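Below is one structure, written out as structure tokens; the observations come after it.
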Amino acid sequence: MKTIDNYNFKGKRAVVRVDFNVPLDAQYNITDDTRITAATPTIKKILNDGGSVILMSHLGRPKEGPEEKFSLKHIVPHLSKLLNTPVSFAPDCIGAEAKSMAKALKPGEVLLLENLRFYKQETAGTESFAHELASLGDVFVNDAFGTAHRAHASTTIIAKFFPNDKVFGYVMANEIANINKVLNKSEKPFTAIMGGAKVSGKILIIDKLLDKIDNLIIGGGMAYTFIKAQGGKVGSSLVEEDKLDIALKIIKDAKAKGVNIFIPVDTVAASAFSNDANKQTVDINAIPDGFMGLDIGPESEKIFAEVIYNSKTILWNGPMGVFEMDNFEHGTKAIAEAIVVATKKGAYSLIGGGDSVAAINKYNLVNDVSYVSTGGGALLEYIESGNLPGVQAIEE
Ligand code: AMP
């Protein structure tokens, strides 16, 4: 892998694509700096080599040109503190000023560019815009895994202007190594746990995984589509009527490929989509009218946990229920804890996709699993297609 460990940055200006898309409160304070701290080892390595760093990122989803609330200038004080060095700021990511500021950088100095998405050419992947960004430095470092599934100017197109000087930063290298470990070097039994709201967003990934896994556990909102497809009574649970056929096909394909498929047998059903709703634990095939399944039940927890305990590789994407509500978090928490137990017993566990990561964070278990991926969409797309535009651009 072409990582920054194989590159000496002495005397070089490195253009580094980072993911500083962090949440800000109304006073522009950073409420979660995980993504910034994740990128600091990459930045420090370049500075320690005697190079200088030009950081570029997007922040939020600006619609048309610059917007105060999406300015990366809000990040500067905290970044400077984390790096323990001053950070200068270019109020436009391209143009004469950015160019002269980049050119003036001395070894050990850091420049942050304004939000790339103030230009629509960024997401359009416009080559001339990518060329302008490329002209700021001598080497390109991609350390933004969360956007590696997009062929944007700064994530993918820019790489072509550095045919011999493009490398992965530590965040990227780590993500790629961990995903490859699961997909290509997995120890068996390999169990995938899929949850979350809908089956529609997960069909492609389940399809891909069926060739690699031994067990497929289905939970969350998508389980009710499987139950209804098999003739169960799901009350007013979340169901995708147009995906009933696909649910049956997944069950059939799993059987044909020798994959054990585990669908919940009981559910915690609620009278409304609310934490304060009346609730009862029922057979998942016989949910009373007017009730909706919002969590897996205790029997399902037990069955799923047993499968997890006996796994050597575990991939978890998506909660088992509406874990944001305390009364319907039990199943998700139980699965997270089962993964922790399996990990302690020697299994390799990768957690990825926004909401299972949020769950792992909620239960403070980040350090008790093998790896938590930072890129939700990017991770899923990597598994689905076997590559990502931003990864390919560095590798080729
Ligand atoms: P996803 O982004 O597809 O992984 O979906 C995550 C969301 O699915 C979370 O916000 C959960 O609250 C929601 N979810 C999980 N289980 C259910 C369920 N049984 N009914 C409705 N929503 C659910």
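Predicted model only: the values in this text are computed from it and were never measured. Counting convention: from 1, in listed order, for ligands and their atoms alike.
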Quiz prompt | Atom pair CE (Met194) and CD1 (Ile203), whose distance is rounded to the nearest 0.5 Å | solution = 10.5 Å
Practice problem: Would you mind checking if Glu122 and Arg17 are paired as a salt bridge, meaning a charged N to carboxylate O distance below 4.0 Å? | Solution: yes
Quiz item: Given His131 and Phe161, is the ring pair (Phe, Tyr, Trp, His ring centres under 6.0 Å) satisfied, shown in steps?
Solution: CA-CA 7 Å; His131 192 196; Phe161 300 106; 4.6 Å; yes
Quiz item: Would you call the rings of Phe162 and Phe140 parallel, tilted or perpendicular, where under 30° means parallel and over 60° means perpendicular?
Solution: parallel
Quiz item: Which atoms from ligand 1 have a heavy atom of Tyr224 less than 4.0 Å away?
Solution: 19 (N)
Practice problem: Measure the spacing between CD1 of Ile296 and CD1 of Ile263 and express it to the nearest 0.5 Å. | Solution: 13.0 Å
Quiz item: Aromatic rings Phe129 and Tyr119: how do their planes relate, parallel, tilted or perpendicular, breaks at 30° and 60°?
Solution: tilted
Quiz item: Against heavy atoms of Gly196, which atoms of ligand 1 measure under 4.0 Å?
Solution: 1 (P), 3 (O), 4 (O), 5 (O), 6 (C), 8 (O)
Self-check item: Heavy-atom nearest neighbour in the protein, as seen from atom 22 (N) of ligand 1, with distance rounded to 0.1 Å
Solution: Val322 CG2, 3.7 Å
Quiz item: Identify the closest protein heavy atom to atom 11 (C) of ligand 1: which residue and atom is it, and at what distance?
Solution: Glu324 OE1, 3.6 Å
Quiz prompt | atom 4 (O) of ligand 1: the protein heavy-atom neighbour that sits closest, reported with distance to 0.1 Å | solution = Lys202 NZ, 3.3 Å
Self-check item: Nearest-neighbour protein heavy atom for atom 17 (C) of ligand 1, which is reported as residue plus atom name and distance
Solution: Gly221 N, 3.4 Å
Quiz prompt | Ile250 side, atom CD1; Asp245 side, atom CG - distance, nearest 0.5 Å | solution = 11.0 Å
Quiz item: Quick one: nearest non-hydrogen protein atom to atom 8 (O) of ligand 1, plus distance?
Solution: Ala197 N, 3.1 Å
Quiz item: Checking ring pair (Phe, Tyr, Trp, His ring centres under 6.0 Å) for the pair Tyr7/Phe9: CA distance, chi angles, key distance, verdict?
Solution: CA-CA 6 Å; Tyr7 198 96; Phe9 290 88; 4.7 Å; yes
Exercise. Can you sort out which atoms of ligand 1 are near Gly220, meaning under 4.0 Å from one of its heavy atoms?
Key: 16 (N), 19 (N)
Practice problem: Using a 4.0 Å heavy-atom cut-off, say whether Asp355 meets ligand 1 through its side chain, its backbone, both or neither. | Solution: side chain
Exercise. Report, in ascending order of atom number, the atoms of ligand 1 lying under 4.0 Å from any heavy atom of Gly293.
Key: 18 (C), 19 (N), 20 (N)
Quiz item: So, does Phe328 sit close enough to ligand 1 that a heavy atom of it is under 4.0 Å from the ligand?
Solution: no
